There are 2 protein chains.
Amino acid sequence: MAPVIRTARERAREELTLEIKREARRQLADEGAQRLSLRAVARALGMASSALYRYFPSRDDLLTALIIDAYNALGDRVETAVAACPDDDPRAAWRALCHGVRDWAKEHPHEYALLFGTPVPGYAAPQDTIAPAARVPIALVGVIRGAAGRLDLSAPVRPLRGALAEQASVLVAAMAPEVSAGVFTRGVVAWSQLVGMVSFELFGHFVGAFEPADAFFAHTVEEMADFVGLP
Amino acid sequence: MAPVIRTARERAREELTLEIKREARRQLADEGAQRLSLRAVARALGMASSALYRYFPSRDDLLTALIIDAYNALGDRVETAVAACPDDDPRAAWRALCHGVRDWAKEHPHEYALLFGTPVPGYAAPQDTIAPAARVPIALVGVIRGAAGRLDLSAPVRPLRGALAEQASVLVAAMAPEVSAGVFTRGVVAWSQLVGMVSFELFGHFVGAFEPADAFFAHTVEEMADFVGLP
DNA sequence: CAAAAACGAGAGCACTGCTCTTGACAGCCC
DNA sequence: GGGCTGTCAAGAGCAGTGCTCTCGTTTTTG
């Protein structure tokens with residue numbers, strides 16, 4: 001069905017689509033999503049602004065494409081960082097994951113803000129974004145799964161009750177059958193803590209306190225590793 | 001010096017300033033900061049858009065005023081919620097604080113996003129904002145201070161090292177001399193966790209997982225109370 | 001080869017933040 | 001009281017935005 005040999009038009013289209021995203025990403029990195037302008041992108045590419053709408057039906061669609069790319073870039077970074085750690089050292093993998101997120105965020109602050117800051121429009125989170133968005137959380141529970149059986153909880157996990165127990169058991173069955181729902185939930189807590197901490201640093205909520213935040217970050221990564229019971 | 005009896009002009013100016021903020025806050029709540037338009041505010045107030053610039057030199061200045069008001073609204077909410085708890089029950093105060101933040105955030109999502117989401121322009125955090133912004137964190141360490149001497153740490157705090165030890169000791173000396181730097185740091189961790197968790201919920205990162213997030217939130221509040229050692 | 005689909009460019013609409021000028025009014029000193 | 005001064009609202013206008021529509025042109029398809 002799908003022709004392996006694409007027509008010249010299809011190749012040109014694909015190439016131009018990539019180039020548009022490339023330029024848009026450049027402007028995003030420079031000025032932030034707020035100031036990303038379709039017309040400026042078109043201008044930089046030497047084409048009419050109206051022609052851009054043949055490739056992205058709206059500004060939000062362009063942004064959505066950039067969001068997906070950013071999620072994948074972050075996912076790549078984190079997954080390779082985790083993969084570089086020895087299998088029997090979950091804490092090293094944990095460190096790699098957390099520092100990978102932070103380092104990527106500091107290298108690409110505006111793209112990080114696009115992912116974890118205020119959702120842009122009436123915040124449509126299209127289906128296409130949820131799989132790339134799940135990569136880092138999946139990697140995180142993967143690290144915990146890798147430590148299953150060796151978890152060392154100095155603070156006992158509070159029992160899950162009611163709706164939470166149901167939600168967690170569904171997720172655990174699908175994602176991490178090796179670990180208890182309580183530990184899994186602690187992983188989610190640690191994930192939201194990680195993003196909250198990185199956001200604080202990037203969005204300037206640490207000014208005058210833990211700035212630079214390197215030491216605080218490294219310390220907290222260890223504390224949260226303890227929290228989820230990583231050996 | 002400052003005349004107690006203000007001139008008609010001064011009163012009119014003050015009143016109009018309030019009315020502008022009121023209308024802007026209405027539009028902010030409806031549509032978000034992104035779509036807040038000076039011209040629309042002026043239109044709703046039946047005045048020329050140019051006249052607005054006599055009251056706020058730029059759109060960012062209007063937003064800054066709204067940010068300060070929002071920080072104070074959140075601060076009021078949290079402080080009264082904490083004050084309503086018995087002095088000898090730090091955990092109740094902790095719950096009141098955390099749920100106060102979340103409830104306020106869910107009632108005013110766009111204002112919350114303005115405070116803890118992506119910073120708007122080239123992110124100027126003027127001096128006027130830092131005091132209102134500090135109110136909730138100060139209340140949070142206040143709760144911990146109220147439990148000083150009765151803290152119960154099932155998981156031992158990792159020792160602070162290097163730059164972190166210095167930063168923390170300075171902050172502890174100024175804000176919470178009764179508690180150790182380690183526990184204080186855990187309070188900051190909990191604070192960033194709280195904001196991260198609320199942001200996840202509001203910004204739609206929990207869809208398909210812990211949704212509704214009430215049970216997860218309540219559980220995590222208790223876990224974090226344990227984490228900082230609240231009795 | 002002809003019909004159909006895709007394409008780029010241009011003009012135009014409604015909107016934005018912001019500036020500048022103009023004319024009117026209120027508060028002050030003499 | 002009569003000016004002078006500073007404040008004020010309003011209008012026009014600039015440069016920019018997202019987006020739509022139309023119009024020739026080019027490429028693919030039947």
Side-chain angles (χ1 to χ4, degrees), chain A residues 1-21 23-24 27-28 30-67 114 119-124, chain B residues 1-21 23-24 27-28 30-67 114 119-124:
Chain A
M1 286 300 145
V4 182
I5 300 173
R6 296 159 309 180
T7 71
R9 200 162 232 168
E10 275 173 329
R11 277 194 297 119
R13 181 178 182 83
E14 195 161 325
E15 207 164 308
L16 232 178
T17 304
L18 283 178
E19 203 149 352
I20 291 170
K21 287 206 289 183
E23 177 60 28
Q27 298 198 8
L28 170 65
D30 277 5
E31 305 251 39
Q34 180 93 17
R35 300 185 197 270
L36 173 63
S37 147
L38 281 191
R39 293 179 111 113
V41 172
R43 223 177 292 131
L45 264 52
M47 61 197 299
S49 66
S50 56
L52 249 164
Y53 287 82
R54 301 237 180 240
Y55 297 85
F56 295 94
S58 79
R59 200 191 99 115
D60 283 356
D61 289 272
L62 213 200
L63 274 181
T64 301
L66 294 184
I67 288 176
L114 200 57
V120 201
Y123 84 111
Chain B
M1 287 300 147
V4 181
I5 301 172
R6 295 159 309 180
T7 72
R9 205 168 226 158
E10 277 173 328
R11 278 194 297 119
R13 181 179 183 82
E14 193 161 325
E15 207 164 307
L16 232 178
T17 304
L18 284 178
E19 204 150 352
I20 291 171
K21 287 206 289 185
E23 177 59 30
Q27 298 199 7
L28 169 65
D30 277 5
E31 305 253 37
Q34 181 92 16
R35 298 186 197 270
L36 173 64
S37 148
L38 281 190
R39 292 179 111 113
V41 171
R43 223 176 293 129
L45 265 52
M47 61 197 298
S49 66
S50 54
L52 255 168
Y53 287 83
R54 299 230 176 241
Y55 296 86
F56 295 94
S58 80
R59 200 190 100 113
D60 284 356
D61 290 272
L62 213 200
L63 274 180
T64 301
L66 294 183
I67 288 176
L114 199 57
V120 202
Y123 86 112

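Values in this document were obtained by computation on a predicted structure and should not be read as measured data. Residue numbering restarts at 1 for every chain, and letters A, B, ... go by the order of the sequence lines. Computed from heavy atoms alone, side chains included, the values below leave out hydrogens, waters and symmetry copies.
Evaluation of atom-type donor-acceptor distances gives no pair under 3.5 Å for the side chain of A/R39 against the base of D/dG16. In terms of polar N and O atoms assigned as donor or acceptor, the side chain of B/R54 comes within less than 3.5 Å of the base of D/dA9 in a complementary pairing.
Checked against C/dC18, C/dA9, C/dA6, the side chain of A/R9 finds its nearest nucleotide in C/dA6. When each of C/dT16, C/dC18, D/dC19 is scored by its nearest atom to the side-chain atoms of A/S58, the top-ranked nucleotide is D/dC19. Picking from D/dA10, C/dT16, C/dG8 the nucleotide with the shortest atom distance to the side chain of B/A40 gives C/dT16. Checking D/dT26, C/dG10, D/dA9 against every side-chain atom of A/A48, the shortest atom distance belongs to C/dG10. Proximity note for A/S50 (side chain, C-beta onward) versus C/dG10, D/dA9, D/dG13: the nearest is C/dG10. Minimum atom distance to the side chain of A/Y53 is reached by D/dC19, of the listed D/dA10, D/dC19, C/dA9.
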* **Stepwise side chain to side chain contact (heavy atoms under 4.5 Å, CB included) check, A/R59 with A/L36** => CA-CA 9 Å; A/R59 200 191 99 115; A/L36 173 63; 4.1 Å; yes
* Criterion side chain to side chain contact (heavy atoms under 4.5 Å, CB included) on B/L62 and B/Y55, from CA distance to verdict -> CA-CA 9 Å; B/L62 213 200; B/Y55 296 86; over 6 Å; no
* Given A/Y53 and A/L38, is the side chain to side chain contact (heavy atoms under 4.5 Å, CB included) satisfied, shown in steps? -> CA-CA 9 Å; A/Y53 287 82; A/L38 281 191; 3.3 Å; yes
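Rounded to an integer number of Å, the gap from CZ of A/R35 to P of C/dT16 is 18 Å. Here D/dT20 presents its P atom at 13 Å from CG of A/L52, a figure rounded to the nearest Å. One interatomic measurement links the two molecules: CG of B/L38 to C1' of C/dT19, which rounds to 14 Å at whole-angstrom precision. Regarding A/Q34, its CD atom lies at a distance of 12 Å from the P atom of D/dG18, rounded to whole Å. Distance, B/L45 CG to D/dA9 C1': 13 Å, rounded to whole Å. Atom pair B/R59:CZ and C/dC15:P shows a separation of 17 Å (rounding to whole Å applied). Atom CD in B/E14 sits about 17 Å away from atom C1' in D/dC8, given to the nearest Å. For B/E15 and D/dA9, the CD to P distance is 13 Å, given to the nearest whole Å.
Using a 4.5 Å heavy-atom cutoff, the side chains of A/R35 and A/Q27 are not in contact. By the 4.5 Å heavy-atom criterion applied to side chains, B/M47 and B/L16 are counted as neighbours.
Considering only side-chain N and O atoms, A/R13 lies under 4.0 angstrom from the phosphate OP1 or OP2 of C/dC7. OP1 or OP2 of C/dG17 lies within a sub-4.0 Å distance of a side-chain N or O belonging to B/S37. At C/dT16, one or more side-chain N or O atoms of B/R43 fall inside 4.0 Å of OP1 or OP2 (strictly under the cut-off). The side chain of B/Y55 contributes an N or O atom lying less than 4.0 Å from OP1 or OP2 of D/dA9.
A donor-acceptor contact closer than 3.5 angstrom is absent between the side chains of B/D61 and B/T64.
Between B/S49 and B/L16, the residue anchored closer to the 5' end of DNA chain D is B/L16, taking for each the nucleotide with the nearest heavy atom.
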